[in-house]
Amino acid sequence: QVQLVESGGGLVQPGGSLRLSCTASRSIFSFNVMSWYRQAPGKERELVARITQSGTTLYADSVKGRFTISRDNAKNTVFLQMNSLKPEDTAVYYCYTWGARDYWGQGTQVTVSS
């Protein structure tokens, strides 16, 4: 079992930046892949970025070059640095991993608006 807690969301103007954090209740070393998903109103949940234990990353086309995912196993934390934010990035952002089962955080709201 592991609990994932996201933080760092908020209201930001277009072009601004936010850094999301996902802190786990125990070591994430055993989880090979840690991911960020997002869900906008009326839309399906979609993969934003993921990172493996070795540091290999994958990004949705819509965020490439603007978002950066990283992990700090010593702090049991995964980060999502979001730059050049756009209104279409507005969504609830979720941390996700899997082991014996799927593990989701409760989500953190990101709103990009002037």
Side-chain angles (χ1 to χ4, degrees):
Q1 286 277 6
V2 63
Q3 283 75 48
L4 304 174
V5 179
E6 301 96 337
S7 62
L11 173 64
V12 63
Q13 292 186 343
S17 298
L18 283 175
R19 188 192 195 203
L20 305 184
S21 299
C22 167
T23 301
S25 58
R26 67 169 180 84
S27 173
I28 62 172
F29 184 79
S30 61
F31 298 105
N32 182 38
V33 181
M34 300 293 297
S35 306
W36 285 96
Y37 281 74
R38 67 185 180 187
Q39 187 166 21
K43 295 187 176 181
E44 294 187 354
R45 194 170 295 190
E46 63 175 358
L47 175 68
V48 176
R50 66 182 187 207
I51 184 169
T52 68
Q53 191 62 259
S54 63
T56 301
T57 57
L58 180 146
Y59 296 93
D61 287 343
S62 59
V63 307
K64 282 181 182 176
R66 300 187 298 122
F67 290 12
T68 303
I69 188 171
S70 61
R71 64 191 289 170
D72 186 337
N73 289 340
K75 295 182 178 179
N76 302 334
T77 301
V78 181
F79 302 98
L80 185 67
Q81 178 67 43
M82 306 187 295
N83 299 326
S84 302
L85 282 161
K86 304 175 181 179
E88 50 264 43
D89 295 317
T90 295
V92 178
Y93 284 71
Y94 298 92
C95 185
Y96 168 76
T97 191
W98 74 90
R101 64 173 183 84
D102 292 347
Y103 299 104
W104 291 95
Q106 83 289 348
T108 185
Q109 176 70 47
V110 172
T111 302
V112 185
S113 175
S114 54

| note | Only residue of L80, T90, V63, L20 satisfying side chain to side chain contact (heavy atoms under 4.5 Å, CB included) with R38 is V63

| said: Less than 3.5 Å apart, any donor N or O on the side chain of R26 or Q3 sitting next to an acceptor on the other? | reply: no

| Any donor and acceptor pair, going by atom type alone, linking the side chain of Y94 with main-chain N or O of E6 inside 3.5 Å? | no

| Looking at OG1 of T56 and CG of N32, how far apart are the two atoms once the value is rounded to the nearest 0.5 Å? | 9.0 Å

| query | Is the number of heavy atoms from other residues, nucleotides or ligands under 6.0 Å of R50 CZ greater than 12? | reply | no

| task | Specify whether Y37 and Y96 have parallel, tilted or perpendicular ring planes, treating 30° as the upper limit for parallel and 60° as the lower limit for perpendicular. | result | perpendicular

| field | Donor-acceptor pair between N83 and S17 side chains, under 3.5 angstrom | value | yes

| said: Under a plain distance cut-off of 3.5 Å, with no hydrogens placed, do T111 and S113 share a side-chain donor-acceptor pair? | reply: no

| Is E44 atom CD crowded by more than 12 heavy atoms from other residues, nucleotides or ligands, each under 6.0 Å away? | no

| Is there a donor-acceptor pair closer than 3.5 Å between any side-chain N or O of Q53 and the backbone N or O of F29? | yes

| said: Quick check for you: to the nearest 0.5 Å, what is the distance between M82 atom CE and R19 atom CZ? | reply: 11.5 Å

| field | S27 side chain to N73 backbone, donor-acceptor under 3.5 Å | value | no

| Rounded distance (nearest 0.5 Å) linking atom CG of D102 with atom OG1 of T97 | 9.0 Å

| Gap between atom SG of C95 and atom CZ of F79 - 0.5 Å precision | 11.0 Å

| message | Using a strict threshold of under 4.0 Å (side-chain N to carboxylate O), is an ion pair present between K64 and D61? | response | yes

